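Everything quoted here is computed from the prediction, not taken from an experiment.
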Amino acid sequence: MTNKELADVFTLVGDLLEIKGEVVYKTLAYRKAAESLTNLGRDVKYVWEEGKLTDIPGVGKAIAEKIDELLRTGKLEYLEKLQKDVPAELAELLSIPDLGPKKVGLFYKELGLKSIAALKQAAEEGKLRDLPGMGPKSEAKILDGIESLSRRSGRTPLGDAWPFAQGLLAKLRKVQGVVAAEAAGSLRRMRPTVGDVDILVAAKEPDKVSKAFVEDEGVARVLGHGAIKSSVEYHNGMRAQLWVHAPERFGTALQYATGSKDHNVRTRELAISMGLSLSDQAIFRTDDSEILCATEEEVYKTIGLPWIPPELREDRGEVQAAKEGKLPNLIETKNIRAELHCHTTWSDGKLSILEMAEAAKLRGYKTLAITDHSYSLGIANGLSVERLQEQRKEIEAARKKLGDSLLLLHGTEMEIRADGSLDFPDEILAWLDIVIASLHTGIRQPREKSTQRMLSAINNPHVDIIAHPTNRLLPDREGADLDMDAIFSAAADMGTALEINANPKRLDLDDVYARRAIELGIPLVINTDAHHPDHMDFIDFGVATARRGWVEAKNVINTNTPKQINSWLSGRG
DNA sequence: GCCGTTTTCGGCCCGACTGTTTTCAGTCG
């Protein structure tokens, strides 16, 4: 079983316990363990073999035993017993907005409702309104929720939510009396996908802001409208929430709304240990007097910490690191001085070699690698050896025009074929300036096979970079099933760089793997994989992913000068 | 169910909003 599959089992257990009405902390414990397994960054199997399961945060004796049982047998007796009281289907009902465990439990107990379809029918027949705590409005709300569920496609990729939120912020900043407006929540933490867009505004007259927010032309439904908090759903299915606070409380409010929830638990604990209480309104002393914070810097300073960048706020050790003055010096977009992965009209790109070079220069880059696809990727017009040699002539011509202004490297994004063989022989790879290898096809192969394919590329001394290692596509296509520990180990041995692909559909390596990679001393590259100059804008998403993985500029090859990059390449095969 | 430089037992963040009530329960973030 994969970490994700184990995590899904524990998430389900948590959901069912909640519906059953167990003490809420038991539910939270299972969810915490699921979260930890997802964020482990290495196959839990190795931790299991080392007998160190309880070293995983949130995993104690009971959950460790359950992991052991699942890894040995693939089953969990505890879950099977639990399902006698609470069928697993009920967990699905929790995905309906405004429907929680108590009501799901009530509907099952009183009416035997197990599926969304059955619930919908009961609501339409007016059977829910007479249950305790229910009424006509609640019944209608459930039907609304079921309908919105069918419209929503789950989480929104960061690449869609970010520009949408920027547009929204621009409108809100124009509202009279608005002092500041910022995105918060998972969007500000730059998670690869976001659920809702959280917006925080500092204003003296909250009413005007929330009115403008709910009356915006894009709004399809108003889900809530209060003095402090409002939420809406837009016609595109996206949802946003707005909090409005007084300017002098903006710092505590922004810190609170940015989360993550687990990070906030840590900061609150720290506040409590200092005799303070941290809320979205203010920091309270024991005598209930307030410390107002207009900025986040003041919030963190009050609890004895330096400001923590939002990308780190996931409760992955950042509070401890901040306490010890050991926060990483995170990479920034301005540190990027090279693009080492792009396409031209020679394969499936939109512009010529020279046009891409000019675009790179405009961004201030000093190095550009032209890396068109190789011939196995027929759909992208991949290059044969002959066409690759033809392309070299055009590269040479472009170099003459560019002079010293840009180091133009001739490379390839070479297919790792389904049988693990590579598209070009070693002498061609040696002749190229830079070699990227990647998987595009056969990504549903079994783990053993996929891993072997990757290893055959990494262990070739001419391969410099592995692009988008798992080949996932957000929000829905999972990556190849890979033994990442084996891949990291080989990359570390060979000094092969792993790419963080900045395309918001990819963001691959993800943050967790990026962090693991740098811990093992593996060089990273952040590339946009541009098929058009506009795609070079994606670099911000790639850098954000790196920052979430605690990556510093020194870990990333393309923060280097042309001379340093050449020297790295010539030291390799 | 997890966790511990005050605790191996007793905590575990808590406030806004909605719809149901007539002071509160459920849901959400």
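Using a 4.0 Å cut-off, some side-chain N or O of A:Ser138 falls inside it from OP1 or OP2 of B:dT20.
Rounding to the nearest 0.5 Å places CD of A:Glu332 at 4.5 Å from NZ of A:Lys334. We find the OH-CD distance between A:Tyr300 and A:Gln255 to be 4.0 Å, quoted to the nearest 0.5 Å. Taken from CD in A:Glu139 to NZ in A:Lys127, the straight-line distance is 11.0 Å, to the nearest 0.5 Å.
Distances were taken from every side-chain heavy atom of A:Ala29 (C-beta onward) to each of B:dG29, B:dC2, B:dT20; the shortest belongs to B:dC2. The A:Ile228 side chain lies nearest to B:dA16 when the options are B:dT27, B:dA16, B:dT18. Out of B:dT18, B:dT20, B:dT27, the shortest distance to the side chain of A:Lys141 is found at B:dT18. Of the listed nucleotides (B:dG19, B:dG1, B:dC14), B:dG1 has the atom at the smallest distance from the side chain of A:Tyr30. Between B:dC13, B:dT27, B:dG1, one nucleotide has an atom nearer to the side chain of A:Pro101 than all others, and that is B:dT27. Considering only the side chain of A:Lys102, B:dG26 comes nearest among B:dT20, B:dC13, B:dG26. Distance from the side chain of A:Lys261 is smallest for B:dC13 among the nucleotides B:dC13, B:dG1, B:dA16. With B:dG26, B:dT20, B:dC2 as the candidates, the nucleotide lying closest to the side chain of A:Ala62 is B:dC2. Closest approach to the A:Leu99 side chain among B:dG29, B:dT27, B:dT20 is made by B:dT27 (side chain taken as heavy atoms from C-beta onward). Of all nucleotides listed (B:dC13, B:dC2, B:dG19), B:dC13 comes nearest to the side chain of A:Arg268.
Here, B:dG26 and B:dT21 have their C1' atoms 13 Å apart, quoted to the whole Å. To the nearest whole angstrom, the two C1' atoms, one in B:dG4 and one in B:dT8, are 8 Å apart. B:dC2 sits 14 Å from B:dT7 when the C1' atoms are compared, rounded to a whole Å. Only the P atoms considered, B:dC13 is 14 Å distant from B:dC3, to the nearest whole Å. The separation of B:dT23 from B:dC28, taken at their P atoms, amounts to 26 Å, rounded to a whole angstrom. When the C1' atom is compared between B:dG11 and B:dT6, the two are found 14 Å apart, to the nearest whole Å. Look at the C1' atom in both B:dG1 and B:dT5: the space between them is 24 Å, to the nearest Å. Look at the C1' atom in both B:dT27 and B:dT20: the space between them is 13 Å, to the nearest Å.
When rounded to the nearest whole Å, the span between CG of A:Asp280 and C1' of B:dA16 equals 9 Å. In this structure, A:Glu35 atom CD and B:dG29 atom C1' are separated by 14 Å, rounded to whole Å. The CG atom of A:Asp262 sits 13 Å away from the C1' atom of B:dC2 (whole-angstrom rounding). Summarising the geometry, the separation between CD on A:Glu269 and C1' on B:dG4 is reported as 11 Å, rounded to the nearest angstrom. Following rounding to the nearest Å, A:Leu223 (CG) and B:dG26 (P) show an atom-to-atom distance of 22 Å. The nearest whole Å value for the distance from the CD1 atom in A:Ile96 to the P atom in B:dC28 is 10 Å. Atom-to-atom, CG of A:Leu276 to C1' of B:dC13 comes out at 15 Å; the value is rounded to the nearest Å. A:Leu94 places its CG atom 9 Å from the P atom of B:dT27, with the value rounded to the nearest Å.
In A:Glu324, the CD atom is crowded: over 12 heavy atoms of neighbouring residues, nucleotides or ligands sit closer than 6.0 Å.
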Problem - Trace of the salt bridge (Lys or Arg N to Asp or Glu O under 4.0 Å) decision for A:Asp196 with A:Arg239 - result: CA-CA 5 Å; A:Asp196 300 346; A:Arg239 289 184 171 202; 5.4 Å; no
Exercise for the section: I would like to know whether A:Glu35 and A:Arg31 meet salt bridge (Lys or Arg N to Asp or Glu O under 4.0 Å); could you show each step before the answer? Expected result: CA-CA 6 Å; A:Glu35 186 76 20; A:Arg31 290 193 183 142; over 6 Å; no
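Tested against A:Asp508, the residues A:Asn501, A:Thr470, A:Asn503 include a single side-chain hydrogen bond (donor to acceptor under 3.5 Å, both in side chains) partner, A:Thr470. Looking at A:Arg547, A:Arg516, A:Arg316 one by one, the single match for side-chain hydrogen bond (donor to acceptor under 3.5 Å, both in side chains) with A:Asp511 turns out to be A:Arg316. Each of A:Arg249, A:Arg313, A:Lys301 was scored for a salt bridge (Lys or Arg N to Asp or Glu O under 4.0 Å) with A:Glu296, with one residue passing: A:Arg313. A side chain to side chain contact (heavy atoms under 4.5 Å, CB included) with A:Ser231 is found for one member of A:Val214, A:Leu242, A:Leu223 and no other, namely A:Leu223.
In terms of position on DNA chain B, the residue among A:Val265 and A:Ile63 whose nearest nucleotide sits closer to the 5' end is A:Ile63. For the pair A:Trp243 and A:Ser277, nearest-nucleotide mapping onto DNA chain B gives the more 5' position to A:Ser277.
Interface residues of residues 14-26 of chain A facing DNA chain B, ordered by number: A:Tyr25, A:Lys26; criterion, heavy-atom separation under 4.0 Å.
Using a 4.0 Å heavy-atom criterion, one finds that A:Ala227 contacts the sugar-phosphate atoms exclusively.
Across all strands shown, the partner of B:dT18 is B:dA25, judged by Watson-Crick or G-U wobble contacts whose two distances both fall under 3.5 Å.
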